[in-house]
Every structure is written in C-alpha cells, then in structure tokens.
Amino acid sequence: MSVLIAPSELSAAPACSCTLSVIVPVFNEEEALPVLHERLAQVLRGTGVSWEIVYVDDGSSDGTPAALAALQAIEPAAAVARLSRNFGKEAAMSAGLRLARGEAVVLIDADLQDPPELIPQMLQAWRDGADVVNMRRRTREGETWLKRATAHAFYRVINRMSDVPIPQDVGDFRLLSRRAVQALNLLPEHNRFMKGLFAWVGFRQATIEYDRQPRAAGYTKWHYRKLWNFALEGITGFSVVPLKLATWAGLLSALAAFGYALVFVFKTLVFGEPVAGFPTLIVTILLLGGLQLMSIGILGEYLGRLFIETKQRPLFLLDYHHPSRPDTPGRPQEAA
Ligand code: UDP
Ligand code: MG
C-alpha cells in the first residue's frame, strides 16, 4: 500500500544510535553515484563512529532510482528517499535534514566536488564544540571565470544587504550539530536559501578551508537562469534593502527634479528660453519611467514570495523512504 508521507510527519525522526548522518541530494547522478558511495563509505568507515548516508533522490529521470536501490541492497547504512518530483536541491536538503538521525549531520554534493576526505576534520571541529562547520572554498577548479566572478559579486552584494552575515565562498557542504538541524527543521519558510538559513541559525560556527574539485561525472544542473533566481531568493529572503532602495531612488530623483526645476526657472527668467528642451524631456521621462518600473518590479519580487509563503504548501512530498537499518549503522565499530 502506498501512502502519502507529508513532511510534517517526519519532523520527529526516531532516535538512532548513529553518530553521523551524511545527506546527499541527488538529481540525475547515476554516473557519479557508485564512485561517490565507494569513496564516502571508505572515509566513513575510517572515522570510527557509527554512520548512515541519507540519499535524497530529487525526482531524477535517469537511472538514479535503480542505482540507489542497488546501492541500498548491499549497504544497510544507506537510507534512500525519493521526492515526488524535482523540487530543487534546497528542498532535497530540507528533506534530508528531516530524515537524518545522526547526532551530527554532513551535507555533501553527489558529484564529488566536495571531497569526503574532509569529513574527519569536520567531525573534529564538531567535537571541539562547533554547531555549524562551514567549508570555505579556497579555489573553484573546473568552473568558468564567469561563474566565479558572478558568485563573488553575489556574496558581496548579499552581505551588504543582509542582516545576518552570510559567509563568502561557503557552499552547502557543511556539518551541523543535532540542535542546529532541529533549528533548521523549525523554519517553515518556502524561501529555502539554505546558505542564509544556516547562518541565521547562529550557534558556534567554525570554518575549514578546502579546494573545490571539478565534477567527477555528469554535468552541472545549474543554469544561469536558475542561479539568477537563486540570487534573488537569497536577497529577498534575507534583506528588505531593495525595498528601501526603491524609496531612496524615488526620493533622490524627486530632489534632483526639484533642483533642476529651480535652475530651469532661474535660467528662463534671466536668459529666456530660445528652444524647447526635447532631449532633457525625453531623458527625464525615460529615467523616471525606468525607475518606476524597477521599483514595481522589486515590489513584485517580494509580493510574489509572500504569495507563495501564504499558501503554506509543504516544502516537498516524498514518493518513498527506505530508512537505513539502525541496528547496523555502518559497521558497528563505535569508538568509546
Ligand atoms: N541537485 C538536486 N536537485 C536539483 C539540482 C541539483 O538535488 O534540482 C543536486 C545534485 O545532484 C548535486 C548537488 O545538488 O548533488 C549540486 O548540484 P550541481 O553539481 O549540479 O551544482 P553545482 O555544483 O554546479 O553548483
Ligand atoms: Mg556540482
């Protein structure tokens, strides 16, 4: 019998004896999966703690479901969940955070751009008391300069505007303590700009630097259109500065117009007005029209998001969820 699993029913994940949960959002990654699991499992076995890997299939349309099923058949420590369609990486990670049962949780990409070999270091930082271990990219190999430049510009802009500082060059690769995960699970909003949410949670944050690797296989699922939306999500989710910008732009242009009017009156009175100022007129109209449209557009971005939030739809729906087997969380080699 198949039943609908609503996210709200998942909020109280049963306690598990495992120390570490690794969440992997997966979207059309059939080629990368075997390599990833091999490397990840090897690293995890070496950590000496009990572990599980939570694969969240974000509605893949290739051989990913079969690959995950095959993987779970030989790996009891793997949990596999599938969303009912492609909800996007942020939703897939939110699903993973609900399903993960470990005391510490690591989020990692499926394409091996985030080296699993760093997990022991992250665990150490967690043992040293960090609730959120941010992984900062020192280099971004295999990415075009355009992507690097836009990413850099984005972090600068958002940090100018956001109330909570959002660490630059830190992606979704990170470790979260159980209470940080619980805090994230409390957040009801649809605007899942996770980098911002992780920062919003606060607690003790630590940062480790690393070199980002090129993709192991497959191709990136981010297009510039998606990145643009993502940037907008980030900014509108964490700042109302653009709304204020519209006010300021309006105020400044009104002031400028007033100043210009004074100059104009003075000039006409003293020198007379030989020709009609067509260029000035058209420039002013275009400028004001443009500013108005832009301000309405900014309003629209916020209003649209407000509209989506008011619907209170669940963040994702699960097609199925096969938990890891808690009695064998990894090989039971629990360090004292
Ligand atoms: N991903 C996902 N849902 C999506 C797009 C991507 O779960 O709609 C996953 C993808 O499988 C990978 C991770 O998110 O594990 C990062 O995606 P990708 O490598 O395409 O992004 P990039 O590294 O280029 O930013
Ligand atoms: Mg990638």
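Worth knowing before you read on, the calculation uses all heavy atoms, side chains too, and leaves out hydrogens, waters and symmetry mates. Indexing begins at 1, ligand by ligand and atom by atom, following the structure's order.
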Does a side-chain N-to-carboxylate-O contact under 4.0 Å join Lys89 and Asp58? no

Establish, for the pair Arg137 and Tyr210, whether the NZ or CZ atom is under 6.0 angstrom from the six-membered ring centre and no further than 45 degrees off its axis. no

Have a look at ligand 1 and work out which part of Asp109, if any, has a heavy atom under 4.0 Å from it: side chain, backbone, both or neither. both

Atom nearest to the Mg ion (ligand 2) - Asp111, N, O or S atoms considered: OD2

Only distances under 3.5 Å count here; give the side-chain donor-acceptor pairs of residues 290-307 to other protein atoms, sequence neighbours excluded, each with its distance to 0.1 Å.
residue: Ser295; atom: OG; partner: Leu291; partner atom: O; Å: 2.7
residue: Glu301; atom: OE1; partner: Arg305; partner atom: NH1; Å: 2.8
residue: Tyr302; atom: OH; partner: Ser239; partner atom: O; Å: 2.5
residue: Arg305; atom: NE; partner: Glu233; partner atom: OE2; Å: 3.1
residue: Arg305; atom: NE; partner: Thr236; partner atom: OG1; Å: 3.1
residue: Arg305; atom: NH1; partner: Glu301; partner atom: O; Å: 3.0
residue: Arg305; atom: NH2; partner: Glu233; partner atom: OE2; Å: 3.3

What about His322 and Tyr320, are their ring centers closer than 6.0 Å? yes

Ligand 1 atoms nearer than 4.0 angstrom to some heavy atom of Pro25 are 7 (O), 9 (C), 10 (C), 11 (O), 12 (C), 15 (O)

Min over Gln113, Glu29, Glu90 of heavy-atom distance to atom 10 (C) of ligand 1 lands on Glu29

I want to know if ligand 1 touches Ala92 in the polar sense, i.e. an N/O pair below 3.5 angstrom. no

In terms of atom number and element, which parts of ligand 1 are under 4.0 angstrom from non-hydrogen atoms of Asn86? 3 (N), 4 (C), 8 (O)

Is the Phe154 ring parallel, tilted or perpendicular to the Phe193 ring (thresholds 30°, 60°)? perpendicular

